[in-house]
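What follows is a short report on a single structure.
Just so we're on the same page: letters track the sequence lines, and every chain starts at 1.
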Amino acid sequence: MSYPFKKIEKKWQKIWKKNKYKNWKAKDFKGKKIYILDMFPYPSGEGLHVGHVEGYTATDILARYYRMKGYNVLHPMGWDAFGLPAENYALKMKKNPMTFVPKNIKRYKNQMEMIGLSYDWDREINTTDPNYYKWTQWMFLKMYEKGLVYQKTAPINFCPSCKTGLANEEVIGGRCERCGSITEVKYLNQWHIKITAYADRLLEDLDELDWPENVKEMQRNWIGKSEGYEVTFKIAGEEKEIIIFTTRLDTIFGATFVVLAPEHPLSAKIPEEEYVSNVESYIENSLKRPERERKIEEEMSGVFTGRYAIHPITGERIPIWVSDYVLYYYGTGAIMGVPAHDSRDYRFAKKFGLKIISVVSPNKNEEPQNLPFEDYGYLINSFDYNGLDSKTAIEEIGKYLEEKGLAKKAVYYKLRDWVFSRQRYWGEPIPLIKCPKCGIVPVPEKDLPLKLPKVKSYEPTGTGESPLKNITKWVKTKCPKCKSDAERETHTMPQWAGSCWYYLRYIDPKNNKKFAGFQKLKYWLPVDIYVGGVEHAVLHLLYARFWHKFLYDLNLVPTKEPFMKLVNQGIILGPDHEKMSKSRGNVINPDEVIEKYGADTLRMYEMFMGPLEAVKPWDTKGIIGIFRFLNKVWEYNKKVRKSKKKKEDTKINIELNKTIKKVTEDIEAMKFNTAISSMMEFLNYVWDKEVTKTTWLNFIKILFPFAPHITQEIWSQYKKGFLDKEAWPKYDEKLLKEKEKLIIIQINGKKRDEMSVDVSASLEEIQKEALERTKVKKFLENKKVHKIIFVQDKILNIVTD
RNA sequence: GCCCGGGUGGCGGAAUUGGUAGACGCGUUGGGCUUAAAACCCAAUGGCCUACAUAGGCUGUGAGGGUUCGAAUCCCUCCCCGGGCACCA
C-alpha cells in the first residue's frame with residue numbers, strides 16, 4: 001500500500017488556490033529581496049514536458065526556501081504566446097490562435113498547479129495581451145526614435161515552410177530554428193534593428209555576469225569581434241583603390257594577390273576587356289547560390305580580372321581575383337591573399353598556381369616547416385621588419401602605413417543587425433505607417449496598442465507579404481502627420497520581441513502609465529537567478545541583453561544587465577539515452593508520472609537524477625527509489641505520532657543538525673541531488689530509532705521545498721498553518737563538532753588501519769598510539785620509519801624507507 | 001579545423017577541491033512475510049585472489065608518463081564521447 005498521494009495533493013492544491021496563493025505573493029519594497037525567474041513557456045498546446053518540470057521545480061525549491069529564510073521573493077510566471085510555435089500549432093490544428101492560445105494557457109497553468117509550483121499568480125503576464133504588447137510596441141518606437149530601426153533590402157534567411165524571413169540567430173546549421181527546414185536566401189525589404197551598435201558593450205559586460213562559461217563563450221563567438229586594419233591597395237593604372245580588412249598585418253609581405261567578393265562593386269567594374277565576360281558570368285553564378293551553399297563547397301572557385309593591385313609597401317604588382325570564398329557581408333568584402341599563412345588563401349593559390357611567400361615562422365631566420373603556418377611567430381622575408389614578433393610587427397607596420405595614409409585601425413563583428421520583420425500573422429504589429437507624402441511615420445503613442453486585427457484566414461502567404469496585407473480595412477489608414485491616405489506596415493515582430501522585457505513587466509504588471517515604475521524596478525532588479533534551457537544562448541539571452549541596455553541608456557531601467565546569475569538545466573533524455581521525441585516513442589509525459597506516483601515524487605525524482613546542469617537519462621525504474629522514500633516518510637510519521645519521547649538523544653540531534661546544514665548549503669548551491677541524498681541518509685539513520693516530534697518536524701520543514709504536498713499534510717497533523725510561513729531550521733555548529741574523530745592510518749600512502757581519537761589528543765599521543773597498534777606493527781616490521789605526516793582530524797601517514 | 005564541457009561499479013551519480021574512492025538511489029543476489037506472486041522488511045553487492053572461519057591481500061576513477069608522503073582531483077602526451085562555431089580574413 002502506498003501513501004494516499006492523490007488525495008493529499010488535490011487537497012492542498014485546492015487549499016492553496018482558495019487561499020489565492022497568498023503565501024507566494026511578493027511585496028514591493030519589503031525587506032531583503034530575491035528575484036527568482038524561470039524562462040516562461042510558449043503555450044503551444046502540447047503541454048509541459050519533463051524538461052520544463054526540471055527547471056521549474058528547481059526554482060520552486062529556491063523560492064520556497066528563501067521565503068522560509070525571510071526573503072521577499074519574486075517568483076512569477078507568464079506566457080510567451082506570440083510567434084511561430086504557438087501559431088504553427090494553431091495552424092496544424094486548424095484553429096485561430098486568438099481563441100486557441102487562451103485554452104493552451106489554461107492547460108499549462110493547470111499543469112503547473114498540479115506540480116505544486118508556488119508562483120505569484122497576481123503578476124501573471126501574457127505577451128499577446130494588448131495591455132502588454134502596447135509596451136513592446138512603445139519600446140520599438142523608442143528605438144525607432146533613436147535611429148536604431150531601419151529598413152533595407154538585403155539577402156535574408158527565409159524559411160520556406162514557415163514562410164517568413166528569419167534573423168541570423170534563428171538559423172541553426174542552415175536550418176530554421178523552429179521547424180528544421182533548410183532555409184533559403186531571399187532579397188526582401190525588411191526592418192532591421194541595429195543591435196551591432198551595442199556589440200562592444202554586449203561583449204564587454206559578459207565578464208561581470210555569473211553565467212555558465214559556455215554560454216558566455218557562445219555569445220562572444222557570436223558577436224565575433226576582430227580588431228585589425230583596413231589597408232588600401234591601389235589598382236595599377238587607375239584612380240580606384242581596393243580597401244581590404246586584415247587582422248594579420250604582420251603577414252602583409254606575403255600578400256601575393258587580392259580577392260574581391262562577387263558582390264563587391266569593383267568586381268564588375270575593373271576587369272580587363274578580355275576577362276569581362278568570364279568575370280560577369282562568375283558573379284552571376286555565385287549570386288544565385290546562397291551563402292551557405294558556397295561555404296560547404298570544398299573546391300575553390302574564382303576568376304582573374306586581368307588587373308593588378310599595387311602592394312602598399314613593396315610597390316609590387318599583384319593580381320586581383322574575384323572569388324566567392326570572400327564574403328561581401330563581412331569586413332570590406334575584399335582581402336589580401338597571403339597563401340603561406342592562411343589555409344583558405346593557400347588552397348586558392350594552389351588551385352590557381354599563385355605565388356606563395358613565407359613571411360612568418362615559429363623560429364627566427366628559418367622558413368616554416370609546414371604551410372600554411374597560421375600561428376603568430378617571427379617575421380622573415382619582410383625587409384626592415386625581419387626578426388620582429390608578430391604582435392610588434394602588426395603595430396610597427398600599422399604605424400608606417402597609417403603615416404602614409406594607406407591604413408587605419410578597424411574593428412569588425414560577425415554579429416549582424418537583427419532582422420525584425422516577420423511575414424506572419426501571429427505577432428505584434430509593427431506600429432509604423434507608410435505615407436506617400438511624409439514617408440515612414442510612427443503610430444502616435446496615444447494610439448497604442450496598435451491591435452492585431454481579428455481575421456478568418458491567417459495562413460502565411462509565402463510571397464514575402466504578410467497575411468495582414470489582405471485586410472484592407474486594417475491596412476488603410478490616415479497619416480498621423482498630414483492626414484492623407486496612408487498604409488500600415490503589415491509585417492509583424494519576431495517572437496523574441498515580447499520576451500525581451502517580460503521580466504520587467506512582472507515587477508509592475510498592472511501599471512498602465514509606464515511599462516514599469518522606476519522605483520519598483522530599482523528595488524527588484526536585477527534578476528538574481530534565471531533558470532532555463534541553453535537553446536536560448538544566442539537568441540533570447542542576447543536580444544534581451546540588448547533590449548535592456550537600450551532601456552538603460554534611456555534611464556528607464558536601473559541596471560546595465562538584466563540577469564545576474566544564469567543556470568541552464570541540462571536536457572532530460574529518454575530511458576534509451578536518446579533525445580526524447582515522438583518519433584522515437586521515448587517521451588516521458590509528466591501527467592502520467594503524476595498519475596502513477598504523484599507530483600512530489602515527480603519533483604524529487606527530477607532533482608535527484610543528477611546535477612541540474614547535467615544532461616541525464618530518465619530511468620523508469622529509478623523513480624521508484626524516491627517513491628519508496630516518500631512512502632517511508634509517511635510510514636515513519638505514523639510512528640512519530642504515537643511517540644511520547646520528550647528529549648532527543650545527542651546522536652540523533654547531531655545527525656539532524658548535519659542534515660539541516662547539508663540541505664541548507666546544497667539548496668543555496670543548487671545541488672539538489674545531494675540535498676536529497678542527505679535527507680535519505682537521515683531517514684535511514686532514524687528508521688529503527690525513535691525521534692521526538694520536534695526533531696521530526698524540523699526534518700519535515702527541510703523536506704518541504706522539495707515535496708510540498710506530503711510535508712504540508714504531515715505538518716497539519718501536528719500544527720496549524722502553512723509551512724511557507726515557518727522559519728527555516730537553524731543548525732547548531734557546536735553540536736557538529738564531534739568529540740571523537742576517526743583517523744585513517746596510512747603506511748606509504750596506503751590505508752592500513754583506522755582509529756578513533758579524542759579531538760584534544762596531541763600529535764605525540766596519536767603517533768604513539770598508532771605505532772603500537774598490532775596491524776601497524778606488522779607492516780612496519782624490518783622497516784625504518786622515515787617520516788610521519790599528520791593531517792588534523794583526518795590522516796596519519798607513516799612513510800618508511 | 002577551432003572553442004567549451006566531460007570520461008568514476010551492471011546503470012544514474014557522490015567524493016569537504018590534494019587526504020578512507022564508489023555516499024544516495026536503481027538493478028542484482030540471498031533471506032523473511034505469503035498457498036503463491038506483487039508490495040513491503042532485513043542483509044550482501046567494484047574486480048580478482050587467499051581462507052573452515054574470524055579475517056586478509058592485490059588491483060581499481062579512459063590510456064601512458066610525471067609532480068607529491070599521498071592524485072579521480074595538479075602537470076605533459078594521447079584516445080574517446082557530448083555541445084557550440086565553422087571559408088568571419
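Side-chain contact between A:Ile660 and A:Leu656: present, with at least one pair of heavy atoms (C-beta onward) separated by less than 4.5 Å. Looking at A:Phe672 and A:Ile61, their side chains come closer than 4.5 Å, going by heavy atoms from C-beta outward. When side chains are defined from C-beta on, A:Pro4 counts as touching A:Trp634, because their heavy atoms get closer than 4.5 Å.
Nearest to the side chain of A:Val326, among B:rA89, B:rC85, B:rG13, sits B:rA89. Out of B:rG13, B:rG12, B:rC42, the shortest distance to the side chain of A:Trp687 is found at B:rC42. Distance from the side chain of A:Pro611 is smallest for B:rG13 among the nucleotides B:rA89, B:rC4, B:rG13. When distances run from any side-chain atom of A:Ile795 to the nucleotides B:rU20, B:rC11, B:rC85, the shortest one goes to B:rU20.
The side chain of A:Tyr325 contributes no N or O atom lying less than 4.0 Å from OP1 or OP2 of B:rA89. The phosphate of B:rG84 (OP1 or OP2) has no side-chain N or O of A:Trp222 nearer than 4.0 angstrom. Distances shown here put a side-chain N or O of A:Ser226 below 4.0 Å from the OP1 or OP2 atom of B:rA89.
Contact annotation for A:Val615: backbone-only contact, meaning every heavy-atom pair under 4.0 Å involves sugar-phosphate atoms and none involves a base. Residue A:Trp618 is out of contact with every strand shown, counting any heavy-atom pair closer than 4.0 Å. Within the nucleic acid shown, A:Lys616 comes within 4.0 Å of sugar-phosphate atoms alone, with no base atom in reach, counting heavy atoms only. Counting any heavy atom pair closer than 4.0 Å across all strands shown, A:Pro212 reaches no nucleic acid atom.
Heavy-atom nearest nucleotides on RNA chain B were determined for A:Met218 and for A:Lys671, and the one closer to the 5' end corresponds to A:Lys671. Each of A:Val215 and A:Gly333 was matched to the nucleotide of RNA chain B holding its nearest heavy atom; the match closer to the 5' end belongs to A:Val215.
Taking atom CG on A:Leu415 and atom C1' on B:rC85, their separation rounds to 14 Å, with Å as the unit.
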Each nucleotide N or O in nucleotides 68-71 of chain B that has a protein N or O under 3.5 Å away: list the pair and distance.
residue	atom	partner	partner atom	Å
B:rC69	O2'	A:Asn797	ND2	3.4
B:rC69	O2	A:Asn797	ND2	2.4

All N/O pairs under 3.5 Å across the protein-nucleotides 23-28 of chain B interface:
residue	atom	partner	partner atom	Å
B:rA23	O2'	A:Glu681	OE2	3.1
B:rG25	OP1	A:Asn684	ND2	3.1
B:rC26	OP1	A:Arg628	NH1	2.4

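In this structure, A:Lys689 is positioned above the aromatic face of A:Tyr685, its NZ or CZ under 6.0 Å from the six-membered ring centre and within 45° of the axis.
For A:Lys6, the salt bridge (charged side-chain N to carboxylate O under 4.0 Å, His left out) criterion is met by A:Glu595, not counting sequence neighbours. Taking A:Lys632 as the reference, nothing meets the salt bridge (charged side-chain N to carboxylate O under 4.0 Å, His left out) condition, with sequence neighbours excluded. Residues meeting the salt bridge (charged side-chain N to carboxylate O under 4.0 Å, His left out) test with A:Glu169, sequence neighbours left out: none.
For A:Asp666 (side chain) and A:Ala675 (main-chain N/O), a donor-acceptor pair under 3.5 Å exists by modelled atom type. Within the 3.5 Å criterion, the main-chain N or O of A:Thr196 finds a donor-acceptor partner in the side chain of A:Asp417.
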Base-pair string, RNA chain B, Watson-Crick plus G-U, cut-off 3.5 Å on both distances, | for inter-strand, is (((((((..(((......[....)))((((((.......))))))(((((....)))))..(((((..]....))))))))))))....

